[in-house]
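Contents: one structure, followed by commentary.
Reckoned from all heavy atoms, side chains included, excluding hydrogens, waters and symmetry mates. Labels below follow one simple rule: chain letters A, B, ... track the order of the sequence lines, proteins then strands, and each chain is numbered from 1. What you see is a predicted model, and the numbers here were worked out from it, not measured in a lab.
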There are 2 protein chains.
Amino acid sequence: MSDTHGTVTIRDVSRRAQVSMSTVSRVLNGTVPVAEATRSRVLKAVAELDYRPNAFARSLATNRSGGIGVIVNEMTSPYYSVMVSGVESVVEAAGMHILVASGKADAAFEQRAIENLRSRRVDALVLHVEALSDDAVLELMAGDLPVILVARHIAEAGNRSLSIDNEFGGRLATEHLLENGHRIIGHLTGPLSFPDSRARLQGYRQALVAAGVDYSDELVIESDWLEEGGYQAAQRLLRRRPDITAIFAGNDQMAAGVLQALREAGRSIPDEISVVGFDDVLFARYLYPSLTTVRQPLQEMGAAAARLALSALNGKEVEVRRRFEPELISRQSVRKL
Amino acid sequence: MSDTHGTVTIRDVSRRAQVSMSTVSRVLNGTVPVAEATRSRVLKAVAELDYRPNAFARSLATNRSGGIGVIVNEMTSPYYSVMVSGVESVVEAAGMHILVASGKADAAFEQRAIENLRSRRVDALVLHVEALSDDAVLELMAGDLPVILVARHIAEAGNRSLSIDNEFGGRLATEHLLENGHRIIGHLTGPLSFPDSRARLQGYRQALVAAGVDYSDELVIESDWLEEGGYQAAQRLLRRRPDITAIFAGNDQMAAGVLQALREAGRSIPDEISVVGFDDVLFARYLYPSLTTVRQPLQEMGAAAARLALSALNGKEVEVRRRFEPELISRQSVRKL
DNA sequence: TTGTACGCGTTATCAC
DNA sequence: GTGATAACGCGTACAA
């Protein structure tokens with residue numbers, strides 16, 4: 001009826017159902033068995049009064065917020081938002097929620113974001129931090145707040161760190177080109193300060209060697225993950241080695257720049273030059289030609305991280321994969337030689 | 001030193017600073033002036049003990065969570081995430097945080113999402129809901145929780161609803177094509193059940209008429225916002241009117257499908273046919289040719305919504321723009337005839 | 001300007 | 001299986 005006369009509390013429910021507040025709490029939380037008759041009486045009162053538990057009071061009593069903190073570089077990025085959505089699906093299903101903060105791949109930002117989420121009293125943290133040092137991360141993990149590390153391998157973090165096999169991904173991309181008959185394959189890396197860049201480069205190199213193709217520094221250019229960087233690097237590569245027949249870009253954004261540079265140079269794709277990207281971001285399929293790339297299972301990794309976080313909370317051990325393997329997505333930007 | 005022996009509370013600080021708990025509270029919240037000497041003594045104690053206020057207790061006492069709820073169709077969408085980031089920047093600057101939930105453009109989902117955020121006790125709600133009826137929205141807004149409506153105009157919502165002038169956007173796109181000499185201009189709409197679709201169509205029509213070009217149903221096809229839909233609709237359009245020289249797609253995703261269909265039909269873009277999209281999502285610039293489109297000021301609108309929400313909380317009136325105007329972003333997909 | 005004492009709504013502990 | 005009651009940590013009248 002009239003729910004305007006102040007807030008309905010558990011005490012009101014208890015009075016109406018003629019039981020103690022404790023019993024109401026038990027019915028609602030299902031912690032301890034309650035006689036069926038009492039139970040339904042309580043539920044009836046709850047419905048009639050339209051009672052909603054006060055999350056603040058509950059949190060104060062349990063010292064749990066029901067929130068999981070998530071940190072990624074940039075939540076607007078199509079790349080990270082997929083990971084976040086993986087976390088969310090699991091967390092949501094557990095009746096909890098997520099709080100997202102941006103780290104901007106900057107140590108100070110990341111530190112601040114962590115502090116921020118802590119002050120909000122999140123129950124656990126899922127971190128994708130790129131700038132923070134291993135030591136800082138480990139120190140955080142030593143605290144009492146459960147922390148799960150995503151897309152980053154730190155040996156000392158044990159089973160609390162999930163990672164992607166970037167080396168394997170680099171191999172996948174390169175092997176795909178080799179299998180299509182390519183022998184002169186350029187590679188654009190992200191900044192080599194990123195472990196991901198180095199691992200992908202390593203995979204590229206391994207695949208070449210395994211196929212009996214000599215590795216050459218001349219074919220590798222360090223770039224910056226960005227479209228413009230890919231554009232310029234591709235131009236340099238074309239000047240250095242006009243005989244190149246394929247380019248493996250370290251991410252899709254650089255690949256977009258590569259496509260543009262090739263078009264401007266009058267090289268048709270994939271007829272004259274093939275291109276492979278990395279990430280499989282949303283726009284990869286919209287590029288022209290649609291981009292063959294290496295997909296990272298970000299959604300799955302986010303979900304696994306969430307499961308680990310929840311398990312750390314309820315104490316139940318859970319089996320999740322800790323090393324994720326990328327997958328080749330074949331589209332139109334590669335052609336058989 | 002040792003911060004492992006239990007939690008530091010405001011009582012510990014008060015004892016150490018030789019003041020009452022109230023005084024500590026005052027210093028921390030700056031509600032009431034405190035003598036400078038006392039103040040610095042308190043701050044010193046806070047620092048020494050590394051005291052962090054308990055957000056739960058604070059919320060229980062103030063009945064404020066510091067959280068602003070945000071609902072969008074899909075938070076992974078590059079489109080909506082921009083709006084969310086607009087909200088976040090303002091909310092964050094105010095020392096608060098956001099909670100995001102997905103509405104999936106489905107009334108039941110939207111209702112559930114709202115209920116969910118309410119149970120988390122958010123202090124205000126920023127809503128981008130497409131399926132929920134006007135009545136349901138108005139009923140919600142009649143409650144005690146401040147609600148700001150985004151990208152949706154409901155007259156009865158008064159100054160709590162922000163909207164984009166889609167009609168103007170449709171005019172912009174069409175006028176741009178007209179100015180470039182085009183006369184036979186097709187238009188692909190989203191589902192006409194969406195007010196946005198109808199408004200953009202209306203703008204298209206107005207621009208034609210204003211330029212003395214007859215409007216023809218034959219040139220308009222209702223589609224579904226999706227790439228595949230745009231692809232098929234473009235094919236139909238080409239069959240109906242092979243003499244068409246330009247297509248205005250109701251959003252960028254359909255425009256991507258249009259580009260593909262045109263390529264397959266052997267019509268070069270923009271030499272034979274020009275294309276304009278709507279939204280300016282992230283991938284618009286990566287399409288080939290890069291897409292001329294109509295940008296929606298989503299970031300700004302999100303920020304304005306956040307400011308309104310905060311103003312509703314602290315009672316201070318604030319001036320914000322309530323009607324937003326889209327803007328033409330000229331790229332490579334349109335050519336002068 | 002500062003201190004005292006109570007209330008916020010729930011869960012947990014202990015008794016019955 | 002159920003009830004009484006003491007925390008939980010902070011804000012805030014009210015008093016001094």
Side-chain angles (χ1 to χ4, degrees), chain A residues 3 5-43 45-46 49-67 95 118-121 123 144 313-315, chain B residues 3 5-43 45-46 49-66 95 118-121 123 144 313-314:
Chain A
D3 48 3
H5 53 65
T7 319
V8 179
T9 78
I10 201 173
R11 162 171 247 113
D12 302 323
V13 177
S14 77
R15 279 203 275 255
R16 175 150 200 145
Q18 320 240 45
V19 296
S20 70
M21 291 164 30
S22 324
T23 300
V24 176
S25 173
R26 285 173 193 131
V27 169
L28 261 32
N29 296 315
T31 46
V32 174
V34 173
E36 188 48 37
T38 342
R39 186 182 138 75
S40 60
R41 222 166 57 242
V42 168
L43 255 25
V46 165
L49 295 171
D50 191 27
Y51 163 72
R52 330 278 186 103
N54 182 315
F56 303 148
R58 175 173 284 178
S59 286
L60 183 57
T62 58
N63 206 27
R64 287 277 176 91
S65 68
R118 278 199 128 177
S119 74
R120 313 262 179 234
R121 305 264 162 166
D123 297 336
D144 28 48
L313 285 179
N314 59 28
Chain B
D3 48 3
H5 54 65
T7 319
V8 179
T9 78
I10 200 172
R11 158 170 250 114
D12 302 323
V13 177
S14 77
R15 279 203 275 254
R16 175 148 201 148
Q18 318 240 46
V19 296
S20 70
M21 292 163 34
S22 327
T23 300
V24 177
S25 171
R26 287 171 193 131
V27 169
L28 260 32
N29 297 315
T31 46
V32 174
V34 173
E36 188 47 39
T38 340
R39 186 181 138 77
S40 61
R41 222 166 57 243
V42 169
L43 256 24
V46 165
L49 295 171
D50 191 27
Y51 163 72
R52 330 276 185 104
N54 183 315
F56 304 147
R58 175 174 284 178
S59 286
L60 184 57
T62 58
N63 207 28
R64 285 279 176 89
S65 67
R118 277 198 129 178
S119 75
R120 312 264 179 233
R121 306 264 161 163
D123 297 336
D144 28 49
L313 285 179
N314 60 27

Notebook entry, point to check: Base, sugar-phosphate, or nothing: which does B:T31 touch, judged by heavy atoms less than 4.0 Å apart?
Noted result: nothing
Check: So, for A:Y51 and A:L28, which heavy atoms are closest and what is the spacing to 0.1 Å?
Finding: CE2-CD2, 3.4 Å
Note to self: Give the residues of residues 52-62 of chain A touching DNA chain D, defined as any heavy atom closer than 4.0 Å, sorted by residue number.
What the structure shows: A:L60, A:A61
Note to self: So A:Q18, base contact, sugar-phosphate only, or nothing? Heavy-atom distance under 4.0 Å.
What the structure shows: sugar-phosphate
Next item on the list: Tell me which of A:L28 and B:M21 sits closer to the 5' end of DNA chain C, going by the nucleotide each one is nearest to.
Entry: B:M21
Next item on the list: Kindly check if the number of other-residue, nucleotide or ligand heavy atoms within 6.0 Å of CZ (B:R120) is above 12?
Entry: yes
Item checked: Nearest-0.5 Å distance that lies between atom CD1 in B:I10 and atom OG1 in B:T23 -> 9.5 Å
Notebook entry, point to check: Who passes side chain to side chain donor-acceptor pair (under 3.5 Å) against A:S25, sequence neighbours left out?
Noted result: A:N29
Next item on the list: Among residues two or more places apart or on two chains, list those pairs meeting side chain to side chain donor-acceptor pair (under 3.5 Å) that have a residue in residues 9-19 of chain A.
Entry: A:R16-A:E48
Note to self: Any base atoms under 4.0 Å from B:N63, or only sugar-phosphate, or nothing? Heavy atoms, all strands.
What the structure shows: nothing
Check: Where does the chain A footprint on DNA chain C start and end, counting 5' to 3' with a 4.0 Å heavy-atom cut-off?
Finding: C:dG9 to C:dT13
Notebook entry, point to check: Where do A:L313 and A:D123 come nearest, in terms of heavy atoms and distance?
Noted result: CD2-O, 3.3 Å
Exercise answer: donor-acceptor pairs, residues 52-62 of chain A side-chain atoms, under 3.5 Å, sequence neighbours excluded:
residue: A:R52; atom: NE; partner: A:D50; partner atom: OD1; Å: 3.3
residue: A:R52; atom: NH1; partner: B:E115; partner atom: OE2; Å: 2.6
residue: A:R52; atom: NH2; partner: A:D50; partner atom: OD2; Å: 3.4
residue: A:N54; atom: OD1; partner: A:F56; partner atom: N; Å: 2.6
residue: A:N54; atom: OD1; partner: A:A57; partner atom: N; Å: 3.1
residue: A:S59; atom: OG; partner: A:A55; partner atom: O; Å: 3.1
residue: A:S59; atom: OG; partner: A:R64; partner atom: O; Å: 2.8
residue: A:T62; atom: OG1; partner: A:R58; partner atom: O; Å: 2.8
residue: A:T62; atom: OG1; partner: A:R64; partner atom: N; Å: 3.2

Next item on the list: Can you tell me the distance, in whole Å, between the CZ atom of A:R41 and the P atom of D:dG3?
Entry: 8 Å
Note to self: Any base atoms under 4.0 Å from A:S22, or only sugar-phosphate, or nothing? Heavy atoms, all strands.
What the structure shows: base
Notebook entry, point to check: Does B:V27 reach the side chain of B:L43, with side-chain heavy atoms less than 4.5 Å apart?
Noted result: yes
Checklist line | Along DNA chain C (nearest heavy atom to each residue), the more 5'-positioned of B:R121 and B:V19 | finding: B:V19
Distances under 3.5 Å between nitrogen or oxygen atoms of protein and nucleotides 14-16 of chain D:
none

Checklist line | Reported CG-to-CZ distance for the pair A:N63 and A:R121, which is rounded to 0.5 angstrom | finding: 7.0 Å
Next item on the list: Starting from P on D:dG9, measure out to CZ on B:R15 and report it in whole angstrom.
Entry: 12 Å
Item checked: Nearest heavy-atom neighbours spanning A:R26 and A:V32 -> CD-CB, 4.2 Å
Next item on the list: Round to a whole Å and report the spacing from CG of B:N29 to P of D:dT12.
Entry: 7 Å
Notebook entry, point to check: Hey, is the main chain of A:V34 close enough, under 3.5 Å, to the side chain of A:R39 for a donor-acceptor pair?
Noted result: no
Notebook entry, point to check: For A:S20 and D:dT2, is the shortest distance between a side-chain N/O and OP1 or OP2 below 4.0 Å?
Noted result: no
